[in-house]
Asker: 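Below are the structure tokens for one structure; questions will follow.
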Amino acid sequence: MDREHHLKRLGFRAWHRGTREADYMIGGFFDRYAAEWSDEEVAWFERLIEQEDVDIMAWAMGKEPVPAAFDGPLMRTMQKLDYISIH
């Protein structure tokens, strides 16, 4: 599958999490940054979205410690929460 198609599928998964809050957080993060990601960063995100929404949100909001597998620059960017736009 080519990169564009792969990102499109990931974007769909990012925006269809099951709760509006998770959709905004995870989908918004994806929309803001995915176009800039390297293949390694795309793989990180793909592993991240296999996790439970409540865990991802707790890590992003600093409510729970981030597991080593997800700690790093992308998670720190996600924790800024500056990509969420609610109209």
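This one's a predicted model, so the numbers in the text were calculated from it and none came from an experiment. Quick note: residue numbers are just sequence positions, from 1.
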Asker: What closest approach, in Å, do Ala14 and Phe45 show between heavy atoms, and which atom pair accounts for it?
Answerer: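 Looks like CB-CZ, 3.8 Å.
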
Asker: Distance-only, no hydrogens or angles: does the Glu41 side chain make a donor-acceptor pair with backbone N or O of Ser38 under 3.5 Å?
Answerer: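 The answer is yes, because a donor-acceptor pair under 3.5 Å joins these two groups.
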
Asker: Under the side chain to side chain contact (heavy atoms under 4.5 Å, CB included) criterion, do Met25 and Asp53 qualify, and how do the steps go?
Answerer: CA-CA 10 Å; Met25 180 178 285; Asp53 292 347; over 6 Å; no

Asker: If every non-hydrogen atom of Phe29 is compared with every non-hydrogen atom of Tyr83, which pair is closest and at what distance?
Answerer: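 In terms of heavy atoms, the two residues are closest at N-CD1, 3.2 Å.
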
Asker: Would you please name every residue forming a salt bridge (Lys or Arg N to Asp or Glu O under 4.0 Å) with Glu36, sequence neighbours left out?
Answerer: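 Salt bridge (Lys or Arg N to Asp or Glu O under 4.0 Å) check on Glu36 returns Arg32.
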
Asker: What salt bridge (Lys or Arg N to Asp or Glu O under 4.0 Å) pairs are there with at least one residue in residues 61-76, not counting sequence neighbours?
Answerer: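 Qualifying pairs: Asp71-Arg76.
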
Asker: Run the side chain to side chain contact (heavy atoms under 4.5 Å, CB included) test against Asp23 and tell me which residues pass, sequence neighbours left out.
Answerer: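 For Asp23, the residues satisfying side chain to side chain contact (heavy atoms under 4.5 Å, CB included) (neighbours in sequence not counted) are Trp15, Arg17.
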
Asker: Tyr33 and Asp82: which non-hydrogen atoms are nearest, and at how many Å?
Answerer: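 Looking at all heavy atoms of both residues, the shortest contact is OH-OD1, 3.5 Å.
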
Asker: Can you confirm whether Pro65 sits close enough to Trp59 that some side-chain heavy atom of one is under 4.5 Å from a side-chain heavy atom of the other?
Answerer: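 Side-chain contact under 4.5 Å: no.
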
Asker: Would you please name every residue forming a salt bridge (Lys or Arg N to Asp or Glu O under 4.0 Å) with Glu52, sequence neighbours left out?
Answerer: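 Result, salt bridge (Lys or Arg N to Asp or Glu O under 4.0 Å) vs Glu52: none returned.
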
Asker: Under 3.5 Å, sequence neighbours excluded: what are the donor-acceptor pairs made by side chains of residues 3-12?
Answerer:
from : atom 1 : to    : atom 2 : distance (Å)
Arg3 : NH1    : Asp39 : OD1    : 2.7
Arg3 : NH2    : Trp37 : O      : 2.3
His6 : NE2    : Glu46 : OE1    : 3.2

Asker: What's the verdict on side chain to side chain contact (heavy atoms under 4.5 Å, CB included) for Met78 and Ile56, showing C-alpha distance, side-chain angles and the deciding distance?
Answerer: CA-CA 10 Å; Met78 187 177 216; Ile56 297 170; 3.8 Å; yes

Asker: For Phe70 and Arg47, what are the C-alpha separation, side-chain angles and deciding distance, and is it a side chain to side chain contact (heavy atoms under 4.5 Å, CB included)?
Answerer: CA-CA 9 Å; Phe70 299 109; Arg47 288 189 310 274; 4.0 Å; yes

Asker: Hydrophobic clusters here meaning ILVMFWY residues chained together by side-chain heavy-atom distances under 4.5 Å, can you tell me if Ile49 and Val54 are in one?
Answerer: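 No.
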
